[in-house]
Protein chains: 2
Amino acid sequence: MATIAKERRKTAVEAETLEAPSEGRRERKKRRTLQRIIRAARSLFERKGFEAATTQEIAERADIGTGTLFNYAKTKEELLLMVFRDDMMPLVESAFATAPKQAPLLDQIVHYFDRFIAYHRRDIKIAKVLIRELSSVHSPEQREKNREFVRFLVGKIADLVRAAQAQGKLRTDVPPLTLAHNLFAVYYRLLENWLGEYITLDQYERRIRQALELQLRGFLIEESETALSRKAPARRRR
Amino acid sequence: MATIAKERRKTAVEAETLEAPSEGRRERKKRRTLQRIIRAARSLFERKGFEAATTQEIAERADIGTGTLFNYAKTKEELLLMVFRDDMMPLVESAFATAPKQAPLLDQIVHYFDRFIAYHRRDIKIAKVLIRELSSVHSPEQREKNREFVRFLVGKIADLVRAAQAQGKLRTDVPPLTLAHNLFAVYYRLLENWLGEYITLDQYERRIRQALELQLRGFLIEESETALSRKAPARRRR
DNA sequence: ACTCGTAAATGACTAAACTCATTTGTGGAG
DNA sequence: CTCCACAAATGAGTTTAGTCATTTACGAGT
């Protein structure tokens with residue numbers, strides 16, 4: 001009767017892919033269920049699209065009751081975020097690992113973002129919903145996870161910037177994190193415009209490099225080691 | 001008699017605040033109804049918040065049937081966009097008009113964005129939903145209106161850039177529109193982060209100027225007219 | 001004035017996300 | 001082993017955005 005009272009706080013959605021060293025049957029079962037839910041959701045989102053896939057179906061496919069589903073994700077949208085992060089973490093790692101470390105900084109950055117674009121191209125409909133959901137996450141836990149993810153992602157870009165500075169290719173009076181955020185902002189805005197159908201993918205591709213180059217220009221150090229010979233870049237204009 | 005032939009092209013949601021010179025009773029009634037809908041929606045969104053306000057209530061308050069509402073807006077979200085643009089166009093004009101034209105470019109830009117932030121602060125809950133909806137507009141008409149709006153807004157920034165170039169305060173090899181888009185991207189990303197509760201307003205305020213400055217740095221021409229005396233800026237780092 | 005094509009209005013209805021009171025299962029304390 | 005506290009599961013029920021077949025009202029041509 002007056003039992004449930006408090007401590008409803010912890011969402012179940014904690015573990016995700018992590019392996020805890022020693023867990024009871026209960027914990028294990030919970031993790032298994034979560035995994036089944038994520039797989040069911042991914043499968044149905046891919047097959048039928050986000051709106052068309054009903055929570056009933058997902059629950060059914062995960063072999064749980066409809067109510068149970070909402071113990072794991074507060075909303076249908078949260079399900080999508082779970083699937084997304086599941087995919088995304090390895091992708092960032094890979095994009096960073098395969099970046100052409102000796103190429104100019106601009107090329108490295110472009111490579112990085114290209115990988116994300118390739119990912120979103122696989123399922124544009126889902127990507128649209130995703131971008132939309134990223135901007136308004138209700139659950140604090142989910143928000144914290146997103147925050148961490150972005151920190152991680154932007155951190156990788158900052159690493160590229162620092163490397164370029166260490167190699168004397170970029171002015172050292174530029175704060176790497178701020179620059180990384182700006183570069184990401186430029187990319188992200190174009191991504192949003194593409195997925196919101198404000199611009200086409202073609203337009204995206206034509207603009208991304210030019211836009212990033214504009215943020216980097218002025219900070220790049222030319223071939224000559226001393227950085228004293230500065231000839232005006234005089235790039236082509238729009 | 002056969003004068004007004006067929007001009008049937010206009011979608012219902014067209015006129016918004018515009019006044020057409022000669023319109024029949026029908027047209028006028030339609031416009032009135034649209035206005036009543038927008039007012040009813042604004043009032044209820046403000047009072048009860050976006051989710052809590054039901055379409056039934058809005059229809060009732062606008063004194064129309066529930067079905068009629070959806071002849072004017074395809075979704076509840078579209079209602080919000082209508083209210084938003086109603087507010088926003090005058091705001092952009094005003095922000096541009098009051099920009100401190102003699103101040104450094106950075107200050108002008110910051111002034112511009114500050115006005116938007118002030119607007120969103122009035123009703124943060126609504127602003128959140130808004131930002132979310134801007135990224136995924138289903139109706140092509142609505143999307144086109146948004147596109148126009150952004151073009152207008154970014155165009156104003158580009159104007160500021162061009163003015164600075166004309167005054168010899170900014171390098172002329174910088175494409176104004178691309179720069180304007182980049183500056184807006186930096187602002188917009190921070191706005192999203194604020195409204196998505198990834199950062200606080202305080203953090204926004206601390207970062208916006210620094211981030212914009214980083215995009216402009218390198219293109220600014222120093223006091224000395226010739227632009228030949230270049231001392232390294234050596235600003236504080238993060 | 002009459003008529004007809006069609007724009008606009010309408011509200012009962014449907015579908016589906018989410019809730020919640022209740023039941024079931026688990027692990028640990030005695 | 002037994003029992004209990006509580007975590008987790010459950011599905012019938014509620015709520016509300018959005019639909020659609022039907023009706024109403026306008027206005028252009030005669």
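Naming: A, B, ... by sequence-line order, numbering from 1 per chain. The structure presented is a predicted model; accordingly, all values stated were derived computationally and were not measured.
One can place CD of A:Glu60 at 14 Å from C1' of C:dA16, the figure rounded to the nearest angstrom. Note: CZ (A:Phe70) to C1' (D:dT15) measures 14 Å, nearest angstrom. Atom C1' of nucleotide D:dA8 and atom NZ of A:Lys29 are separated by 8 Å, given to the nearest angstrom. Between the NE2 atom of A:His138 and the P atom of C:dA17 there is a distance of 16 Å, given to the nearest Å. Atom CG in B:Leu79 sits about 16 Å away from atom P in D:dT16, given to the nearest Å. At whole-Å resolution of the value, CZ in A:Arg32 and P in D:dA8 are 16 Å apart. The distance from atom CG of B:Leu69 to atom C1' of C:dT10 is 12 Å, rounded to the nearest whole Å. Distance A:Glu27 CD to C:dG25 P: 19 Å, rounded to the nearest Å.
Side-chain atoms of B:Thr66 lie closest to C:dA12 of the nucleotides C:dC18, D:dA17, C:dA12. Considering only side-chain atoms of B:Asn71, the nucleotide from D:dG18, C:dA9, C:dC18 that sits closest is C:dA9.
Side-chain nitrogen and oxygen atoms of B:Lys30 include at least one within less than 4.0 Å of the OP1 or OP2 phosphate oxygen of C:dA8. Dashed line: the shortest gap from a side-chain N or O of B:Tyr72 to OP1 or OP2 of C:dA8 is not under 4.0 Å. The side chain of B:Thr55 contributes an N or O atom lying less than 4.0 Å from OP1 or OP2 of D:dA17.
Remark: A:Asn193 engages no residue in a side chain to side chain donor-acceptor pair (under 3.5 Å) (not counting sequence neighbours).
Projected onto DNA chain C by closest heavy-atom contact, B:Asp63 and B:Gln56 fall at different nucleotides, the more 5' of which corresponds to B:Asp63.
Nucleic acid contact class of B:Ala52 (heavy atoms, under 4.0 Å, all strands): none. At the heavy-atom level, A:Thr68 lies under 4.0 Å from base atoms of the strands shown. Counting any heavy atom pair closer than 4.0 Å across all strands shown, A:Thr54 reaches sugar-phosphate atoms only and no base atom. Heavy atoms of B:Ile64 sit under 4.0 angstrom from primed sugar atoms or phosphate atoms, though from no base atom.
In this pair, A:Tyr112 and A:Phe116 present their aromatic rings perpendicular. The plane angle is above 60°, beyond the 30 to 60° band.
Within the 4.5 Å cutoff, side-chain heavy atoms of A:Asp159 are placed close to those of A:Phe96.
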Tell me which donor-acceptor pairs under 3.5 Å the side chains of residues 121-129 of chain A have, and how far apart each pair is, sequence neighbours excluded?
from, atom 1, to, atom 2, distance (Å)
A:Asp123, OD1, A:Ile126, N, 3.4
A:Lys128, NZ, A:Glu197, OE2, 2.5

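Closest approach of B:Val83 to B:Ile38, counting heavy atoms only: CG2-O, 3.8 Å.
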